[in-house]
Amino acid sequence: MTSAALTFSDDQAAAWDAIADLLAEAGVNLTDTLLTPSVSDVSAVVAVIGKAGSGKTLLLAEMTKALKEAGITIISGDWEGKKRKDRRTLAVLAPTNKAAAVLRNRGVPATTIHRILYTPVYDPQFELIAEWLAGEAERPAAGTLTDVALDRAYASYQVNASIPAALAAAGLRGSDFITGWKRREEPLDIGFIDESSMLDQRQLDDLKEIFPTLVLFGDPAQLPPVQGVGGMVFEQLPEANKLILNRIHRQDADNPILDLAHALADPYVDFYAFERLVEEASKRDERVVWAQRVEAELMARSPALVWRNATRIRLIHAFRAAFDAPADQLIPGEPLICDGIELPMKHRKKRLDLEARGLIKGAQVIYRGPGNRPGFSRLWVMGAEEPQLSAASIVKIEKEGEQEPFIPYAARMGATFLHGAAVTIHKAQGSQWDTVQVFAPDIYAAAQMGRNEAGQPLWKRLAYVAITRAERELRWVVRNRLGRPSAPLGIEDLVAPAAELRLSALEAED
């Protein structure tokens, strides 16, 4: 064991040892930091399973750090370099941009599952610069970029370890150095998949084609995929391949949100008893709020979480009315959810470019204003490494009781969006926000129906997923009311990425 074991609980240490044994079979010896060819041709999948606060993310982060120190190349999806016989690779993946961003904020170099399926094709002259930045080639002579620009790129890469961010710091756009995208041809070695409760069997099969060694990290108390069949993919694994984390760690023991989440496991806690626990927690700790209304201002960046679509639609229209949004257009700052990209095959390159930038189904987006061309929107993709982009957009705002949505803003084809001021709890899986508003009347409606899912009351699974989306504050909303905002909607809170800020500062100095 490494020194990291000093911070591990017994079940984490046992999981570490089991994963280390699996990696040794794959030719990665963490004890000796030795990389060799895999000793087995058989695909291996194990799962680290635990509820919120059990230390899954800590284990993932420490294992990623140990693999990097052992000489593993971490694949981010933005550039890979030339394949070498002696190179062993790791990719840390999540199903959504928001889930990947949660890991990156904790120092884990994560990207989305979709992003690893495609690789960018670099212009040859910039490929040479990328190889130099990654330490695989000598510094190129000034020409394509000046010496000053190369210095900027190098300084950025030392901070971000991102080729696109480094080239952006040198004053380039993605279209300057990326000529297209291609489906991944070469397999990788090891894949760590966070939020694996969101995976369906087809996605797992795709990942097994790329990674001979897969470690899934998942929460068994969450909701299974909407389109999935047979529950969560890790439930189908042999028992020997499931590494269970039971202990809730001391650093989280005083977290009232986690306490409430784990109280749901008590079979004697019904909905009424749970609400009393929430109310009592709100009196003891300011991180839990017994709220009499949904706050419109919070909905602009962290959607209200509901169970029923009808509730979602009503809250969205109430939100737009509270901000005096006109019926025929969007106003800057309105939140959207990407519902897919509608482009014909001849525009496949553009589709791949948008998806690689984070505009995939389920991505949370902020509308920044109209683009330079009719039908285009300037957007901010929440959780993306390069969040600002412009895209042809089709925005649909659903109406209660009507099948056809109202479309206030549309191109003939492009990225399609639903309004994102409120989302279903299913859609919220994999995301986290500083403050989360849970619409309790919907949870109560689920409790009244008496439905079970995977042996547990549906309302408990809904409540568990909803409240564990909160990083700092949980607002349990008990009344069907909306609080009016104190200020107009805007985009002033959207901060440019560090690379852009550095570039702006450097340009100001020149």
Side-chain angles (χ1 to χ4, degrees), residues 19-30 33-48 59-61 63-97 99-100 103-104 108-122 127 130-131 134-136 161-164 178 181-196 198-199 201-218 233-234 241 352 355-356 360 385:
I19 296 171
D21 290 343
L22 176 71
L23 295 177
E25 287 290 312
V28 179
N29 192 317
L30 291 180
T33 62
L34 180 65
L35 305 182
T36 61
S38 175
V39 298
S40 172
D41 295 328
V42 179
S43 176
V45 181
V46 301
V48 178
L59 186 63
L60 186 156
M63 186 63 72
T64 300
K65 180 181 176 182
L67 285 170
K68 184 176 181 181
E69 291 174 351
I72 284 278
T73 299
I74 298 180
I75 302 298
S76 66
D78 57 28
W79 182 79
E80 289 188 29
K82 297 176 181 177
K83 185 173 178 60
R84 304 190 311 271
K85 289 184 178 180
D86 61 338
R87 186 178 74 161
R88 306 304 303 280
T89 55
L90 163 72
V92 182
L93 308 177
T96 66
N97 295 297
L103 288 175
R104 289 197 298 270
V108 180
T111 189
T112 62
I113 293 171
H114 182 278
R115 187 67 181 79
I116 213 70
L117 295 176
Y118 295 94
T119 57
V121 178
Y122 276 63
E127 183 81 20
E131 290 174 357
E136 298 180 5
S162 166
I163 299 295
I178 294 177
W181 303 85
K182 64 179 180 179
R183 180 83 181 190
R184 175 174 296 283
E185 297 173 352
E186 297 288 344
L188 301 174
D189 293 314
I190 302 165
F192 288 171
I193 317 299
D194 197 29
E195 296 288 351
S196 62
M198 300 174 66
L199 294 180
Q201 189 61 47
R202 180 185 59 79
Q203 290 172 313
L204 179 60
D205 290 341
D206 286 343
L207 289 168
K208 288 167 71 174
E209 289 183 5
I210 298 173
F211 301 97
T213 302
L214 276 174
V215 182
L216 311 180
F217 294 80
V233 292
F234 50 71
N241 292 43
L352 293 177
E355 290 174 338
I360 58 177
E385 294 179 88

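Since we're looking at a predicted model, the values are computed, not measured. Atom set for the values below is all heavy atoms of this structure, side chains included, hydrogens, waters and symmetry mates excluded.
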Practice item. Look up atom CD in E69 and atom OG1 in T64, then write down how far apart they are to the nearest 0.5 Å. Key: 11.0 Å
Practice item. With rounding to the nearest 0.5 Å, note down the distance linking CD1 in I113 to OG in S196. Key: 9.0 Å
Practice item. Test T96 against T112 for side-chain contact (heavy atoms from CB on, under 4.5 Å), laying out the working first. Key: CA-CA 6 Å; T96 66; T112 62; 5.9 Å; no
**Study point:** Heavy-atom pair with the smallest gap, counting every atom of M198 and Q203
**Key:** O-OE1, 3.8 Å
**Study point:** Validation row: L90, T73 side chains within 4.5 angstrom (heavy atoms)
**Key:** no
Practice item. Under the side-chain contact (heavy atoms from CB on, under 4.5 Å) rule, collect the residues that match up with A94, sequence neighbours excluded. Key: A99, A100
Review point. By side-chain contact (heavy atoms from CB on, under 4.5 Å), which residues pair with I210, not counting sequence neighbours?
Key: L117, R184, L188
Practice item. Could you list the residues that satisfy side chain to side chain donor-acceptor pair (under 3.5 Å) with D205, not counting sequence neighbours? Key: Q201
Review point. Are side-chain heavy atoms of F217 and L103 found at a separation under 4.5 Å?
Key: no
Revision key, fill the gap. Sequence neighbours excluded, the answer for salt bridge (charged side-chain N to carboxylate O under 4.0 Å, His left out) partners of D189 is R88
Point to revise | D194/V108 under side-chain contact (heavy atoms from CB on, under 4.5 Å): CA gap, chis, key distance, verdict | key: CA-CA 11 Å; D194 197 29; V108 180; over 6 Å; no
Revision key, fill the gap. dist K68:NZ -> I74:CD1 (nearest 0.5 Å) comes out at 5.5 Å
Review point. What closest approach, in Å, do F234 and A47 show between heavy atoms, and which atom pair accounts for it?
Key: CB-CB, 3.6 Å
**Study point:** Pairwise distance CD1(I72) to CE(M63) - rounded to 0.5 angstrom
**Key:** 11.5 Å
Exercise for review: Any chance you could lay out the side-chain contact (heavy atoms from CB on, under 4.5 Å) test for Y122 and I178, step after step, and finish with the verdict?
Suggested key: CA-CA 5 Å; Y122 276 63; I178 294 177; 4.3 Å; yes
Review point. Can you check whether A44's main-chain N or O pairs, donor with acceptor, with T213's side chain at less than 3.5 Å?
Key: no
Point to revise | Residues in side-chain contact (heavy atoms from CB on, under 4.5 Å) contact with V46, at least two apart in sequence or another chain | key: L22, V215, N241
Point to revise | Residues in salt bridge (charged side-chain N to carboxylate O under 4.0 Å, His left out) contact with D21, at least two apart in sequence or another chain | key: none
Practice item. Report yes if the side chains of F192 and L67 come closer than 4.5 Å at any heavy-atom pair, otherwise no. Key: yes
Review point. To the nearest 0.5 Å, how far apart are CG in L199 and CD1 in I193?
Key: 7.0 Å
